[in-house]
A.B. asks: 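This structure is in structure tokens; I'll ask about it shortly.
Numbers restart at 1 for each chain; the letters A, B, ... are given by sequence-line order, proteins then strands. These numbers come from the heavy atoms of this one structure, side chains and all, not from hydrogens, waters or symmetry mates.
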Amino acid sequence: MEYVQERPYRFRVDQRDGMRAPGVVFASPGLLRDAEKSLEQVVNVASLPGIVGASYAMPDIHWGYGFPIGGVAATDVAEGGVISPGGVGFDISCGVRLLTADDGARSLAPVLPAVMDGLGAAIPRGAGPGGVWKLGRAELEALLDGGSRYAVGRGHGVERDLSRCEDGGAVADADVEQVSERARERGLAQVGSLGSANHFLEVQQVAEVYDEDVAAAFGLARDQVCVMIHCGSRGLGHQICTDHVRAMDAAMARYGIQVPDRLLACTPADSPEGRAYLGAMAAAANYGRANRQLLAEAARRVFRRETGGGLTLVYDVSHNLAKIEEHAVDGGGPRRLCVHRKGATRAFPPGHPELPEDLRDVGQPVLIPGTMGTASYVLAGVARGDAFHSTCHGAGRSLSRHQAARTIGGKELRARLEAEGIAVRPLSPRSLAEETPEAYKDVDEVVEASEGAGLCRKVARLVPLGVVKG
DNA sequence: ATGTAC
């Protein structure tokens, strides 16, 4: 695949046959070299009807279903622009929630083992059913409609949790009718559960602060203990993606749409199929937030019991979502765009009206989960931004699970992490080995490239003290 | 990511 460097950390794939826009990849030369195969997917996305600007990829780009993970694409709704479930991914509304503890790392140290044991017992994880909130069918419908807002209304959290959650805890346009019976069935038993693979709950310590003022506005200071929760919408989101890819695949021909990859199935955003998916996707988005809200409550109970202290929400943001947003394109006026972010995080700039009032001057918190045993980051949206105000989402895999498990045994890895001072509460040795840090790209390099490309700025670096994994 | 292939 041919590409040219436009400036540091920004590469362009020129528009050619079948492409409706160029491709733009933000990366260091090293990260781009590792991701060359995924450029095919950047090019495929550029063929989507109604695409504006470019088919973008973040520095953590890697191979996904249809869209690359790390892909961002916006289509013009009024011009027949499409929505593609593959541009969101199977784990709809996968995202990150960060909370701060009342105590610093030093005072936590003596009780950390008890905290980790408590979290290990309290956090449902792994494949299949299991969740902290057993609810009925009518309650699930209300949760799909109301997200975190419904969970808090039912006593699972405090009002402030909503002001620090993307969209105030719930997106408004969920359409529960578009969530299939099978998706509901799978979702019923999983509210308040981590899932598996790279999802985790970590107790972390702020190791470095890059911007004191912004960190203070986010409630972060050096040595502060935090809890980071990384999970999504479990089987419910997965089933919704499956259902709607199938429906769009069948309907596409009627709209005269052809795509180079079946998993790029799409229809106009403003069509019955497009609206159906967007409504179901919004319901899954609300499920994902409520899921993280319930897990935060479970962690709070453990912290209260073992430390006497609480956990305060910094922010909750998704990195797998499509949204209808207004953006100026090519120097023109604002247009209504369907912005797909798949493994990419929205990063609203300072002054954006959708930010909570107490964060409006500093920009949106962007939460980047690292790999078990490595660092995580807190970033902030910047005034100029790019790619419709998007940035990276994490490290991104470089080895398959099978390859990863061949490099080290679970028991050996656990011993290594514990020797590094990281308490580990895995579900099984095998699942741990599949997530060994060597299986992922260097999150420091990804964040460096994201900042270098002008997509965000660094606020703080967090290192793990303890990790709970599926 | 995922009742890790209907």
A.B. asks: How many whole angstroms separate atom OH of A:Tyr287 from atom P of B:dT2?
C.D. replies: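 These atoms are roughly 10 Å apart.
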A.B. asks: Just wondering, more than 12 heavy atoms not from A:Glu438 lying within 6.0 Å of its CD?
C.D. replies: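 Yes.
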A.B. asks: Using whole Å, report how far CZ of A:Arg397 lies from C1' of B:dT4.
C.D. replies: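 Those two atoms, CZ and C1', are 12 Å apart.
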A.B. asks: Once you round it to whole Å, what is the distance between C1' of B:dA5 and CD of A:Gln239?
C.D. replies: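 Spelled out: CD on A:Gln239 to C1' on B:dA5 is 14 Å.
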A.B. asks: Can you tell me how far C1' of B:dA1 sits from CG of A:Asp60, to the nearest Å?
C.D. replies: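 After rounding, the reported distance stands at 15 Å.
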A.B. asks: Using 30° and 60° as the class limits, which term best fits the ring planes of A:His389 and A:Phe348: parallel, tilted or perpendicular?
C.D. replies: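 Perpendicular: the ring planes of A:His389 and A:Phe348 meet at over 60°.
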A.B. asks: Using a 4.0 Å heavy-atom cut-off across all strands, classify A:Gly235 as base, sugar-phosphate, or nothing.
C.D. replies: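 Sugar-phosphate, no base atom in range.
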A.B. asks: Quick check on DNA chain B: between A:Ala127 and A:Asn198, whose nearest nucleotide comes earlier from the 5' end?
C.D. replies: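 Per heavy-atom nearest nucleotide, the more 5' residue is A:Asn198.
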A.B. asks: For B:dT2, does either OP1 or OP2 sit under 4.0 Å from a side-chain N or O belonging to A:Ser196?
C.D. replies: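 Answer yes for this pair, as a side-chain N or O of A:Ser196 is under 4.0 Å from OP1 or OP2.
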A.B. asks: Under 4.0 angstrom, heavy atoms only, what part of the nucleic acid is A:Glu434 near: base, sugar-phosphate, or nothing?
C.D. replies: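 Nothing, no heavy atom under 4.0 Å.
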A.B. asks: How long is the line joining NE2 of A:His199 and P of B:dT2, in whole Å?
C.D. replies: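 One finds 6 Å between P of B:dT2 and NE2 of A:His199, rounded.
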A.B. asks: If the threshold is 4.0 Å, N to carboxylate O, is there a salt bridge linking A:Arg397 and A:Glu434?
C.D. replies: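 Salt bridge flag = no for A:Glu434 with A:Arg397.
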A.B. asks: From CG of A:Asn291 over to C1' of B:dT2, roughly how many Å is that when rounded to an integer?
C.D. replies: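 Rounded to whole Å, this separation is 14 Å.
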A.B. asks: Rounding to an integer number of Å, can you tell me how far A:Leu194 CG sits from B:dA1 C1'?
C.D. replies: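 My rounded result for the distance is 13 Å.
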A.B. asks: To the nearest Å, give me how far apart CZ (A:Phe90) and P (B:dA1) are.
C.D. replies: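 About 13 Å, once rounded to whole Å.
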A.B. asks: Mark yes or no for a side-chain to base donor-acceptor pair under 3.5 Å between A:Arg401 and B:dT2, with no hydrogen or angle criteria applied.
C.D. replies: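 Yes, a donor-acceptor pair under 3.5 Å.
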A.B. asks: I want to check one thing: is the phosphate of B:dA1, taken as OP1 and OP2, less than 4.0 Å away from some side-chain N or O of A:Arg234?
C.D. replies: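 For A:Arg234, the contact criterion (side-chain N or O under 4.0 Å from OP1 or OP2 of B:dA1) is not met.
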A.B. asks: Can you classify the ring geometry of A:His230 versus A:Phe200 as parallel (below 30°), tilted (30 to 60°) or perpendicular (above 60°)?
C.D. replies: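 Perpendicular: the ring planes of A:His230 and A:Phe200 meet at over 60°.
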A.B. asks: Do A:Asp76 and A:Arg336 meet the salt-bridge criterion of a basic N to acidic O distance under 4.0 Å?
C.D. replies: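 No, A:Arg336 and A:Asp76 are not salt-bridged.
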